[in-house]
**Student:** 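This structure is in structure tokens; I'll ask about it shortly.
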Amino acid sequence: MPPPSPAEFNARLPETFREWLAGRRIEEVECIVPDIAGMSRGKAMPAAKFVREDRMFLPTSIFHQTISGDYVDMHDVMQWTESDMVLKPDYATATAAPWADDITLQVIHNVEDLSGKAVPVSPRNVLKRVVGLYEARGWRPVVAPEMEFYLIKPNLNPNEPIEPPVGRTGRQMVSRQAYSMSAVDEYGKVIDDIYEFAEAQGFEIDTIIQEGGAGQVEINLLHGDPVKLADQVFFFKRTIREAALRNNCFATFMAKPMQDEPGSAMHIHQSVVDIATGRNIFTGENGGPTDAFHGFVAGLQRYVPIVLAVFAPYVNSYRRFVPGGAAPINLEWGPDNRTTGIRVPISHPDARRVENRVVGMDCNPYLALAASLACGYLGITQAMKPREAVAGEAYHRPRALGRDLLAALDHFDEAPEMTQVLGHEFCALYQAIKRDEVETFLRVISPWERDHLLLNV
């Protein structure tokens, strides 16, 4: 297929972006692909070159990198031949990079091999694969992610602990002020810039609130298609970081950046709609929950331990799972119960949904949504039944979530049906990357060890 002419190129851009552009000339295009960590990989080029290109390429090795930038060695694949992938722009994702000095366009690209098949280890393709399983049964999954993150004082020395930022009053935010409007106002300039950048990109924010930690913020997104919402989380992470940098602070999506503060989650609200009727299959004609609803809950109870390494992908992730720490330690479920790993929010029957509260904000949004929907899919299709709902506090129930990444990885390949849903090649690569990251971490001697072991053992 020949490349588009400049006029055809502009016509393919989303209407919201064309409105923001308002006659200004695009100078640069960023051709990006989400990697295993959920960060951008790709290349930037002048817009004139972009519209002349008929194909672009990146090596498959971009998916073999660990979080530290090393390459994991996959012994059973020809990874070091550095075969190329074909990048194909998904123009529906085209949006501004409003913090850039030049008029810049970001475009997420689909990745295929040279024969035109979707690259199975691409996180975006993994999510599309799971959504496709739902569609094959006449269903459409609907999701709404919640994004929690911390604004922090610039941390230039990784040996120093992370601290909350200084607000507009000139004081450092050290107290927990959940839902406080004045606490949000302390870093109002950052919030204003997030809104400004989001508007320029055509994204709609549902709500912004002060969360439980000092300098912790939550952004809720409107519900919709899983791939589209994963794209938005992917874009929003960069947007929030840029807004923070503009105001002399950092934004971090670490699951547990500060020892004595709550962790940051990406809670996922999920429901399933019948494509033919538009009906929520979690609610029956009498307004009550259906077998599909109970199967989805049971699927999460059964399979979350299998894919926990996707929801909690780093050694730091497991510091979040402590009793009373605003994060779950088990997979009980209940109506409007925030102490459980699986919550059913208060809603109208037509909006009945299931909230997965296990997922950390350090996840890859494509993979987290894929894994969570895969759990529910297997629960529905296998007609599973959940345990009885918990009415009271669930923290005293037995722990069901592993304490570390190695333990989670030991479960990752214990369910062949889950491997089949997510894809064998992806699961093998993901497990290899995470084991390499754990081994790299274990070689590091921590300050705690120097403090307590150096002269005392």
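Just so you know, residue 1 is the first one in the sequence shown, and it goes up from there.
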**Student:** Do side-chain atoms of Q216 reach the backbone of G213 as a donor and acceptor pair under 3.5 angstrom?
**Tutor:**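 Side chain of Q216 to backbone of G213: a pair is present.
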**Student:** With distance as the sole test, does R24 use its side chain to make a donor-acceptor pair with the main-chain N or O of W20 at under 3.5 Å?
**Tutor:**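 At least one qualifying donor-acceptor pair exists.
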**Student:** Would you mind writing out the side-chain donor-acceptor pairs for residues 217-226 within the sub-3.5 Å range, not counting sequence neighbours?
**Tutor:**
unit_1: E218; atom_1: OE2; unit_2: N220; atom_2: ND2; d: 3.3
unit_1: N220; atom_1: ND2; unit_2: T207; atom_2: OG1; d: 2.8
unit_1: D225; atom_1: OD2; unit_2: V227; atom_2: N; d: 3.1
unit_1: D225; atom_1: OD2; unit_2: K228; atom_2: N; d: 3.0

**Student:** Mind checking what makes side-chain contact (heavy atoms from CB on, under 4.5 Å) contact with A312, not counting sequence neighbours?
**Tutor:** L308, S317, Y318, F321
**Student:** Please name all residues satisfying side-chain contact (heavy atoms from CB on, under 4.5 Å) with A118, sequence neighbours left out, ordered by chain then number.
**Tutor:**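 So A118 forms a side-chain contact (heavy atoms from CB on, under 4.5 Å) with N125.
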**Student:** Closest heavy-atom contact between I26 and A47?
**Tutor:** O-CB, 3.3 Å
**Student:** Answer with yes or no whether the side chains of E27 and T104 bring together a donor and an acceptor at under 3.5 Å.
**Tutor:** no
**Student:** Do I240 and V190 come close enough that some side-chain heavy atom pair is under 4.5 Å?
**Tutor:** no
**Student:** I need the L114 CG to F57 CZ distance, nearest 0.5 Å.
**Tutor:**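 The distance works out to 6.5 Å.
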**Student:** Look only at the side chain of Y134 and the backbone of L373, and say whether a donor-acceptor pair between them is shorter than 3.5 Å.
**Tutor:** yes
**Student:** Measuring only between side-chain heavy atoms, which start at C-beta, is V307 closer than 4.5 Å to M418?
**Tutor:** yes
**Student:** Is the ring pair F253/F149 parallel, tilted or perpendicular, if the boundaries are 30 and 60 degrees?
**Tutor:**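 Geometry flag for F149 against F253: tilted rings.
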**Student:** Going by the angle between their ring planes, with limits at 30° and 60°, are F203 and F236 parallel, tilted or perpendicular?
**Tutor:** tilted
**Student:** Could you pull out all residues at least two apart from A351 that satisfy side-chain contact (heavy atoms from CB on, under 4.5 Å)?
**Tutor:** S347, R353
**Student:** About how many Å separate CD of E204 and CD of E199, when rounded to the nearest 0.5 Å?
**Tutor:**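 One finds 10.5 Å between CD of E199 and CD of E204.
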**Student:** Does atom CE of M45 have more than 12 heavy-atom neighbours, drawn from other residues, nucleotides or ligands, at distances under 6.0 Å?
**Tutor:** yes
**Student:** Dump the intermediate steps for side chain to side chain contact (heavy atoms under 4.5 Å, CB included) on I275 and W139, then the final yes or no.
**Tutor:** CA-CA 5 Å; I275 294 174; W139 302 332; 5.5 Å; no
**Student:** At their closest point, which heavy atom of L151 faces which heavy atom of A251, and how far apart are they?
**Tutor:**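 What the structure gives for the nearest pair is CD2-CB, 4.1 Å.
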**Student:** Sequence neighbours excluded, which residues qualify as side-chain contact (heavy atoms from CB on, under 4.5 Å) partners of D410?
**Tutor:** R435
**Student:** With sequence neighbours left out, which residue pairs that include part of residues 240-249 fulfil the side chain to side chain donor-acceptor pair (under 3.5 Å) condition?
**Tutor:** D193-N247
**Student:** Determine whether F426 and L367 make a side-chain contact, defined as any pair of heavy atoms from C-beta on separated by less than 4.5 Å.
**Tutor:**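 F426 reaches L367 side chain to side chain.
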**Student:** Does a side-chain heavy-atom distance below 4.5 Å link V421 with L378?
**Tutor:**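 Of all side-chain heavy-atom pairs linking L378 with V421, at least one is under 4.5 Å.
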**Student:** Where do G341 and P328 come nearest, in terms of heavy atoms and distance?
**Tutor:**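 The answer is CA-CB, 3.5 Å.
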**Student:** Any side-chain heavy-atom pair from I208 and I191 closer than 4.5 angstrom?
**Tutor:** yes
**Student:** Is there a side-chain contact between L87 and V33 in this structure, where contact means two heavy atoms from C-beta onward sitting under 4.5 Å apart?
**Tutor:** yes
**Student:** Go through the structure and list residues passing salt bridge (charged side-chain N to carboxylate O under 4.0 Å, His left out) with D70, not counting sequence neighbours.
**Tutor:**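 Per chain and number, D70 pairs via salt bridge (charged side-chain N to carboxylate O under 4.0 Å, His left out) with no residue.
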**Student:** Who passes salt bridge (charged side-chain N to carboxylate O under 4.0 Å, His left out) against E53, sequence neighbours left out?
**Tutor:**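 Scan of E53 (salt bridge (charged side-chain N to carboxylate O under 4.0 Å, His left out), adjacent residues dropped) gives K49.
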**Student:** Please report the C-alpha distance between K237 and M147 in whole Å, then the side-chain angles of each, then the deciding distance to 0.1 Å, and finally whether the side chain to side chain contact (heavy atoms under 4.5 Å, CB included) criterion is met.
**Tutor:** CA-CA 9 Å; K237 280 192 170 184; M147 299 179 62; 4.2 Å; yes
**Student:** Could you give the distance from CD (Q232) to CD1 (I205), rounded to the nearest 0.5 Å?
**Tutor:**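 Q232 CD to I205 CD1: 9.5 Å, rounded to 0.5 Å.
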**Student:** Listed by chain and number, what are the side-chain hydrogen bond (donor to acceptor under 3.5 Å, both in side chains) partners of E417, not counting sequence neighbours?
**Tutor:**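 Scan of E417 (side-chain hydrogen bond (donor to acceptor under 3.5 Å, both in side chains), adjacent residues dropped) gives Y303.
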**Student:** Taking the side chain as every heavy atom from C-beta outward, state whether L300 and S372 have any atom pair closer than 4.5 Å.
**Tutor:** yes
**Student:** Please examine the side chains of I62 and Y71, heavy atoms only from C-beta on, and report whether any two atoms are closer than 4.5 Å.
**Tutor:**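 A side-chain contact is absent here, since even the closest heavy-atom pair is not under 4.5 Å.
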**Student:** Between atom NZ of K256 and atom CG of D362, what is the distance when rounded to the nearest 0.5 Å?
**Tutor:** 12.5 Å
**Student:** Does atom CZ of R403 have more than 12 heavy-atom neighbours from other groups under 6.0 Å away?
**Tutor:**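 Result for CZ/R403: open.
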**Student:** Between K88 and E112 (salt bridge meaning N to carboxylate O under 4.0 Å), is one present in this structure?
**Tutor:**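 E112 and K88: salt-bridged.
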**Student:** For Y430, which residues count as a side-chain hydrogen bond (donor to acceptor under 3.5 Å, both in side chains) partner, sequence neighbours excluded?
**Tutor:**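 Partners of Y430 under the side-chain hydrogen bond (donor to acceptor under 3.5 Å, both in side chains) test: none.
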**Student:** Would the number of heavy atoms belonging to other residues, nucleotides or ligands and lying under 6.0 Å from CG of D101 be above 12?
**Tutor:**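 No, the 6.0 Å shell around CG holds no more than 12 heavy atoms from other groups.
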**Student:** Identify, with sequence neighbours excluded, every residue that meets salt bridge (charged side-chain N to carboxylate O under 4.0 Å, His left out) alongside E437.
**Tutor:**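 Residues passing salt bridge (charged side-chain N to carboxylate O under 4.0 Å, His left out) with E437: K434.
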**Student:** Would D90 and R124 satisfy salt bridge (Lys or Arg N to Asp or Glu O under 4.0 Å), going step by step from the backbone distance to the final call?
**Tutor:** CA-CA 12 Å; D90 183 344; R124 201 164 184 259; 2.9 Å; yes
**Student:** Could you give the distance from CZ (R343) to OG1 (T340), rounded to the nearest 0.5 Å?
**Tutor:** 8.0 Å
**Student:** Does a side chain donor of either Q259 or R319 reach within less than 3.5 Å of an acceptor in the other side chain?
**Tutor:** no
**Student:** Are the side chain of D35 and the backbone N or O of Q65 linked by a donor-acceptor pair below 3.5 Å?
**Tutor:**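 Not a single qualifying donor-acceptor pair exists.
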**Student:** Would you say H267's side chain and A265's backbone share a donor-acceptor pair under 3.5 angstrom?
**Tutor:**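 Such a contact is absent between H267 side chain and A265 backbone.
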**Student:** Grab the two heavy atoms, one from L429 and one from F63, that are nearest each other, plus how far apart they are.
**Tutor:**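 Scanning both residues, the minimum pair turns out to be CD2-O, 3.3 Å.
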**Student:** Are K153 and F250 in a cation-pi setup, meaning NZ or CZ lies under 6.0 angstrom from the ring centre and within 45 degrees of the ring axis?
**Tutor:**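 No.
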**Student:** Quick one: SG on C249 to OH on Y150, what's the gap to the nearest 0.5 Å?
**Tutor:**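 Result: 14.5 Å between the selected atoms.
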**Student:** Taking only residues two or more places apart in sequence, or in another chain, which ones meet D413 in a salt bridge (charged side-chain N to carboxylate O under 4.0 Å, His left out)?
**Tutor:**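 D413: no salt bridge (charged side-chain N to carboxylate O under 4.0 Å, His left out) contacts found.
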**Student:** Quick one, R238 with E30, criterion salt bridge (Lys or Arg N to Asp or Glu O under 4.0 Å). Give me CA distance, side-chain angles, the key distance, then yes/no.
**Tutor:** CA-CA 13 Å; R238 185 180 183 189; E30 295 179 350; 2.7 Å; yes
**Student:** Give a yes or no on whether the backbone of I445 and the side-chain of R450 come within a donor-acceptor separation of less than 3.5 Å.
**Tutor:** yes
**Student:** Write down the atom of A94, the atom of L13, and the distance for their closest heavy-atom approach.
**Tutor:**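 Scanning both residues, the minimum pair turns out to be CB-CD2, 3.7 Å.
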**Student:** Applying side chain to side chain contact (heavy atoms under 4.5 Å, CB included), run through C375 and V304 and close with a yes or a no.
**Tutor:** CA-CA 7 Å; C375 294; V304 164; 4.2 Å; yes
**Student:** Given the rule in the side chain to side chain contact (heavy atoms under 4.5 Å, CB included) test, do N356 and Q270 qualify, once you have shown the distances and angles that lead to the verdict?
**Tutor:** CA-CA 8 Å; N356 180 345; Q270 303 152 102; 3.7 Å; yes
